Amino acid sequence: MASCQPASEDTWRQKLWRIIRAALAAVDPEQAVLRFLSREGQHLRVAGIEYDLDRLERIYLVGAGKAAAPMAKAVCRLLGDVLSAVAINVKRGYILPAEEMQAIQAGLRCPFEVIEAGHPTPDEAGLRGAQRMAQLLAGATERDLVICVISGGGSALLTLPVESVSLADLQALTEALLRSGATINEINTVRKHLSRVKGGGLARLAYPARVVALILSDVVGSPLDVIASGPTVPDPTTFADAWQVLARYSLLDKVPPQVRSYLERGVTGQVPETPKPGDPIFERVQNLIVGSNELAALAAVEQAREEGLNSLLLTTYLEGEAREVGKVAAALAKELLRNNRPLRCPACLVMGGETTVTVRGSGIGGRNQELALAAAIALAGWEGTMVATLATDGTDGPTDAAGAIATGQTIHRAQQLGLNPLAFLENNDSYRFFQALGDLVLTGPTNTNVNDLLFILGWQAG
């Protein structure tokens, strides 16, 4: 075996946590917004485009997502004295501290309305917040400016269903899609065709006002129409595409009949499509990606180098079934340790993206924890290796963990506790597995969301 740098596993865990913190700091939502917005007197500049504040009648700030609160805070820092209304939806627990909220309100001439809502399943609070935004935008004119702060989680948090489809229908649909193994692109294709605000709907509600959308991407490749279901961008998908997603995952007979009926009417042309490319409403919209998975991944690579590791970003397009990706991650760790490929040890490989889980069991977990459990099984006995996963929003699936840490000793430690790793994997119960070992990655809500990161480390145990 090639010689790698001796070090204890605890040392490598400490290095990992510093790498994680650097990655999260690079996608701080407030700073991300301020990199693209600046103000001089009554002139607002947004990525090179100037808006004369004196010529605007009203300025609305709306939006939704796990990072919406700090993104809104940045806008309020610049425009608090001229904002006419602020209304945003955030995931429960992702609101700013009370002192920050008070400081923001002190600088505004209008209320700072923040609604904490359900995610990943939409709820009544999210519906109420979306209704408030629609009410504000209904009176917008060409002399108004609408600033939207959009980030991951927006699809669930910005919920305003079409007529004949209820919130309960959307909740049942969401649960079915999340358990099916469908990708976020596929899930959002369906959701866009059942919403008044997704798939360009928010831009349509705001028209003829000017719209500036500041977007923190949580989708592989950052396609604008998929992030938060694209509320301010043209929707290239169709009712037929949405129908095919449900058919592909055998969900047509499992979703509420009102959902199936509405989509059928859309497929046959009985209800209008979502706004498409070329629609004139988008001539008055400026969409900007202010933060992404790539920024976080590159920061992780740089910090790993600061830690004395050879480091490489392999991809930001990681997708696939979590447990299968976990096997690939373990294979890469073995390659580092055994053959010094693709880097010489000590080394850290970084990957970004988002995997999926086809839920078959009754356990608790998320895609990152399931990936780590599959990697742990494949790495059993390989000392000097580590695979760690991170959901950058701080919550992986319906849990309070962001991910988990797997090493070559994980399975041995589990067996000493009488745990059967394969049984936990088959039951989709990765959370309880890593909880028992104390190997969950617990960051708490990070107030950002730019997909997931996967870290693969190789060294020689000391």
Side-chain angles (χ1 to χ4, degrees), residues 1-26 296-314 318 325-352 368-369 371-392 394 396 401-416 421 430 433-443 452-462:
M1 183 177 295
S3 177
C4 293
Q5 176 177 308
S8 69
E9 187 175 294
D10 285 344
T11 297
W12 287 87
R13 287 175 181 260
Q14 293 167 14
K15 290 179 183 289
L16 171 67
W17 275 106
R18 290 192 289 269
I19 293 169
I20 287 174
R21 286 194 289 269
L24 293 175
L298 288 172
V301 167
E302 184 58 34
Q303 182 63 37
R305 290 172 180 160
E306 291 290 323
E307 300 292 335
L309 315 182
N310 294 313
S311 186
L312 176 67
L313 173 57
L314 287 181
L318 185 65
V325 175
K327 296 176 186 177
V328 175
L332 288 167
K334 294 173 183 178
E335 194 69 30
L336 285 175
L337 196 64
R338 180 73 67 179
N339 297 318
N340 281 321
R341 287 194 301 252
L343 297 173
R344 293 191 62 81
C345 288
C348 175
L349 303 177
V350 180
M351 303 172 78
N368 287 284
Q369 294 158 77
L371 190 162
L373 178 50
I377 293 170
L379 280 176
W382 284 73
E383 293 189 26
T385 59
M386 180 181 294
V387 170
T389 55
L390 173 73
T392 56
D396 180 34
I405 298 172
T407 75
Q409 293 300 302
T410 296
I411 300 305
H412 176 67
R413 292 170 51 220
Q415 290 170 340
Q416 287 183 318
S430 52
F433 177 84
F434 285 110
Q435 184 181 47
L437 293 172
D439 281 341
L440 292 170
V441 173
L442 298 167
T443 63
D452 303 333
L453 292 174
L454 171 61
F455 307 99
I456 303 167
L457 288 79
W459 74 95
Q460 180 178 316

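In this text the structure is predicted, and so the values were computed from the model without any measurement.
Taking CG of L332 as the reference point, atom CG of L312 lies at 10.5 Å (rounded to 0.5 Å). Rounded to the nearest 0.5 Å, atoms OG1 (T410) and CZ (F434) are 6.0 Å apart. Atoms CH2 and CG, on W459 and L309 in that order, are 10.0 Å from each other to the nearest 0.5 Å. The structure places CG of L16 at 9.5 Å from CD of E307, a figure rounded to the nearest 0.5 Å. Between atom CD of residue Q409 and atom OG1 of residue T385 there is a gap of 8.5 Å, rounded to the nearest 0.5 Å. Going from atom CD1 of I20 over to atom CZ of R13 covers 11.0 Å, rounded to the nearest 0.5 Å.
Although no hydrogens or angles enter the test, the distance criterion places no donor-acceptor pair under 3.5 Å between the side chain of T407 and the main chain of M386. Between the side chain of K334 and the backbone N or O of A378 there is at least one donor-acceptor pair closer than 3.5 Å. Put simply, the side chain of S311 gets close to the backbone of C348: a donor and an acceptor are under 3.5 Å apart. Under a 3.5 Å cut-off, the side chain of D396 and the backbone N or O of N368 do form a donor-acceptor pair.
Scored by the salt bridge (Lys or Arg N to Asp or Glu O under 4.0 Å) test, R21 finds no partners at all (sequence neighbours excluded). The salt bridge (Lys or Arg N to Asp or Glu O under 4.0 Å) check on R413 picks up D439, with sequence neighbours excluded. In this structure, the side-chain contact (heavy atoms from CB on, under 4.5 Å) partners of A401, at least two apart in sequence or on a different chain, are Q369, T399, Y431, L440, L442.
Across A333 and L379, no two heavy atoms sit closer than the pair CB-CD2, 3.9 Å. Smallest separation of non-hydrogen atoms from A23 and A299: CA-CB, 4.2 Å. Closest non-hydrogen pair, G458 versus W12, comes out as O-CH2, 4.4 Å. The heavy-atom pair separating G384 from L337 by the smallest distance is O-CD1, 3.8 Å. Heavy atoms only, all atoms of each residue included: T443 and A402 are closest at OG1-CB, 3.9 Å. Residue N340 comes nearest to C345 through the heavy atom pair OD1-N, 2.9 Å, listed as atom of the first residue, atom of the second, then distance.
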### Query
Step by step, would you call V441 with T389 a side-chain contact (heavy atoms from CB on, under 4.5 Å)?
CA-CA 8 Å; V441 173; T389 55; 5.7 Å; no
### Message
Go through it in stages, so that I can follow the logic: the residues are V350 and F455, the test is side-chain contact (heavy atoms from CB on, under 4.5 Å), and I'd like the CA-CA distance, side-chain angles, deciding distance and then a yes or no.
### Response
CA-CA 5 Å; V350 180; F455 307 99; 4.1 Å; yes
### Task
Please step through side-chain contact (heavy atoms from CB on, under 4.5 Å) for the pair T392 and L390, ending with a clear verdict.
CA-CA 6 Å; T392 56; L390 173 73; 4.3 Å; yes
